[in-house]
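First the structure, which I've put down as structure tokens, then a few questions once you've had a look.
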Protein chains: 2
Amino acid sequence: MDAKEILKQHIAKTATLTDEQFDYLFSHFKPQSYKKGQVVISEGDKVDNEYFVISGCLKAFFINDEIKMYILQFAMPTWWTSDYGALYNHTRATISIDCITDAEVLCLSNHDREKICNELHQAEHFFRWRTNRGYLASQKRLLSFMNNDTKARYEELLSLYPQLYNLVPKHLIAAYLGVSRETLSRLYHAHK
Amino acid sequence: MDAKEILKQHIAKTATLTDEQFDYLFSHFKPQSYKKGQVVISEGDKVDNEYFVISGCLKAFFINDEIKMYILQFAMPTWWTSDYGALYNHTRATISIDCITDAEVLCLSNHDREKICNELHQAEHFFRWRTNRGYLASQKRLLSFMNNDTKARYEELLSLYPQLYNLVPKHLIAAYLGVSRETLSRLYHAHK
DNA sequence: TGCAGAATGTGATATACATCACGTAGCTAC
DNA sequence: GTAGCTACGTGATGTATATCACATTCTGCA
């Protein structure tokens with residue numbers, strides 16, 4: 001299945017577009033390929049685009065003053081990613097994004113998204129629901145952070161995305177869980 | 001300023017509606033008054049409405065198996081609140097909401113919101129942006145949880161919402177920060 | 001093929017925080 | 001007014017996790 005078809009099916013779950021409308025919408029997306037390790041958005045950048053993942057795995061992360069990394073999102077196929085704070089507020093990136101594996105994405109500029117949303121009511125509908133789901137996922141993760149200990153969060157993550165275990169290095173999983181790599185290592189060697 | 005005018009100005013920041021369109025939209029909102037301590041949504045309830053706060057302060061919270069409470073949101077005037085997971089997915093409430101002070105709200109049913117969004121493109125636009133902002137706030141709080149210690153999060157909260165200090169009991173602030181009330185108490189008596 | 005750097009395991013120690021326990025002050029109801 | 005409840009402070013102790021240090025294994029690549 002090609003990129004266009006993947007996006008089409010993804011949107012069809014939420015919004016009803018004619019083929020012509022979808023073609024028009026799709027004409028604003030720009031395909032892009034990245035190699036493993038390549039940087040998509042770097043802290044301090046001007047952010048113009050958001051990215052729809054076709055294949056591969058990216059990470060969106062924050063580096064604090066002590067050079068410690070926290071991962072906000074592993075972006076897998078059919079997920080959207082960007083530094084949305086910077087994108088919507090026209091500020092410089094505080095979040096960086098790079099590729100854990102080779103990856104193909106579709107880029108959509110902030111300007112084009114707003115233009116399409118304005119022109120096509122169904123597109124606005126789609127983006128409302130996409131953000132809805134992101135909001136709910138974020139709330140859920142926040143609750144999990146407050147309520148569950150590290151082990152429970154680790155198991156929750158792996159039961160949701162079993163592919164991560166082999167796809168991404170353990171220290172990145174630790175950075176997603178918000179614990180040190182040592183603690184994570186001890187965790188899953190203790191309860192074998 | 002009455003409830004209608006408060007909502008009107010709130011929406012006008014994001015979407016352009018004619019007076020007729022706003023009147024139509026407003027006709028779907030139902031005003032409601034609550035007393036301090038009154039429950040708006042209780043865990044296990046069917047959730048049909050979301051709430052726009054006109055006055056007072058509500059809290060949205062989760063109680064875990066060990067009867068420990070975590071506060072997801074203090075809902076202040078012009079904020080929206082509900083158990084959105086339950087509301088959108090038509091499941092039972094896992095989040096409860098009650099009133100910290102006497103409060104006035106405007107209720108909007110899930111059904112009516114979707115109806116209005118369908119009928120009025122600008123309403124869909126408004127709700128997309130409202131959710132956007134909620135998503136960004138949630139991401140920011142998540143990052144703060146991973147990156148900052150309790151003291152920093154406490155000071156961040158109070159600098160954002162100074163009125164909370166006198167409005168809500170300290171153990172609720174602790175439940176928002178995700179620490180025990182003892183730890184919070186020690187925190188702000190240590191660094192005077 | 002072999003080497004450098006990345007990823008991972010593991011021990012020792014320090015620390016932030018939870019938990020338990022108890023005390024006090026203030027508010028509310030009748 | 002007093003009984004009871006809620007909010008809040010504070011000490012003692014236990015525990016999960018960070019941090020530092022070093023060893024081991026894996027992997028890409030020249």
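Reminder, nothing fancy here: chain letters follow the sequence lines and each chain counts from 1. All values derive from a computational prediction rather than experimental measurement.
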| Do A:Y135 and A:Y84 sit in the same hydrophobic cluster, where Ile, Leu, Val, Met, Phe, Trp and Tyr count as joined when their side-chain heavy atoms come under 4.5 Å apart? | yes

| A:T183 side-chain proximity, nearest of D:dA18, D:dC8, D:dG9 |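 So the side chain of A:T183 is nearest to D:dA18.
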
| said: Are B:E50 and B:N110 packed together at the side-chain level, in the sense that at least one heavy-atom pair is separated by less than 4.5 angstrom? | reply: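 Counting from C-beta outward, B:E50 and B:N110 never come under 4.5 Å.
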
| query | Roughly how many Å is it from CZ in B:F145 to C1' in C:dC17, rounded to a whole number? | reply | 13 Å

| task | Using a heavy-atom cut-off of under 4.0 Å over every strand shown, decide if B:G178 touches base, sugar-phosphate, or nothing. | result | sugar-phosphate

| Between B:L172 and A:K36, who's closer to the 5' end of DNA chain D by nearest nucleotide? |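 Result: B:L172.
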
| request: Report the C-alpha separation of A:D19 and A:K8 in whole Å, then their side-chain angles, then the decisive distance to 0.1 Å, and conclude whether the salt bridge (charged side-chain N to carboxylate O under 4.0 Å, His left out) test is met. | output: CA-CA 9 Å; A:D19 285 350; A:K8 189 169 189 171; 2.9 Å; yes

| Ring center gap for A:Y161 and A:W79 short of 6.0 angstrom | yes

| query | Out of D:dC20, C:dG9, D:dT10, which nucleotide sits closest to the side chain of A:E182? | reply |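 Minimum distance to the A:E182 side chain belongs to D:dC20.
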
| said: At less than 4.0 Å, is any side-chain N or O atom of A:K151 found next to OP1 or OP2 of D:dT17? Yes or no. | reply: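 No, outside the criterion.
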
| query | Taking the six-membered ring where the residue is Trp, are the ring centres of B:Y154 and B:Y188 under 6.0 Å apart? | reply |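 Distance test on ring centres: under 6.0 Å, yes.
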
| task | Round to the nearest Å and state the distance from A:L167 atom CG to C:dA7 atom C1'. | result |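 Atom CG in A:L167 sits about 15 Å away from atom C1' in C:dA7.
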
| request: Compare the minimum distances between each of C:dT19, D:dT17, C:dT8 and the side chain of B:S180, then state the nucleotide with the smallest one. | output: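 The listed nucleotide nearest to B:S180's side chain is C:dT19.
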
| Spacing between B:L177 atom CG and C:dA16 atom P, to the nearest angstrom | 17 Å

| field | Distance in angstrom units between B:M146 CE and D:dA18 C1', rounded | value | 16 Å

| request: Side chain of B:H189 only, please: which of D:dT10, C:dT8, C:dT10 is the nearest? | output: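 Closest of the options to the side chain of B:H189: D:dT10.
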
| said: Can you identify which nucleotide, out of D:dA12, D:dC22, C:dA12, has its nearest atom closest to the B:R186 side chain? | reply: D:dA12

| request: Please tell me which of B:R153 and A:S185 maps to the more 5' nucleotide of DNA chain C, matching each residue to the nucleotide holding its nearest heavy atom. | output: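 Between the two, 5'-proximity favours A:S185.
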
| C:dT10 C1' sits how many Å from A:L187 CG, rounded? |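 Answer to the nearest Å: 14 Å.
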
| Can you tell which of D:dT17, C:dC17, C:dT8 lies closest to the side chain of A:K170? |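 Nearest to the side chain of A:K170 among the choices is C:dT8.
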
| request: Quickly work out the B:N147 CG to C:dA16 C1' distance and round it to whole Å. | output: 16 Å

| query | Given atom CG of B:N148 and atom P of C:dC17, what is their separation to the nearest angstrom? | reply | 11 Å

| side-chain N/O B:T150 vs C:dA16 OP1/OP2, d < 4.0 Å | no

| Selection from C:dA7, C:dA18, D:dT10 that lies nearest to any side-chain heavy atom of A:H171 | C:dA7

| Over how many whole Å does the gap from A:R181 atom CZ to D:dT19 atom P extend? | 12 Å

| query | Looking only at side-chain N and O atoms, does A:Y188 come under 4.0 Å of OP1 or OP2 in C:dG9? | reply |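 True: A:Y188 side-chain N/O within range (under 4.0 Å) of C:dG9 OP1/OP2.
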
| Can A:K140 be said to sit on top of A:F145's aromatic six-ring, NZ or CZ under 6.0 Å from centre and within 45° of the ring axis? | no

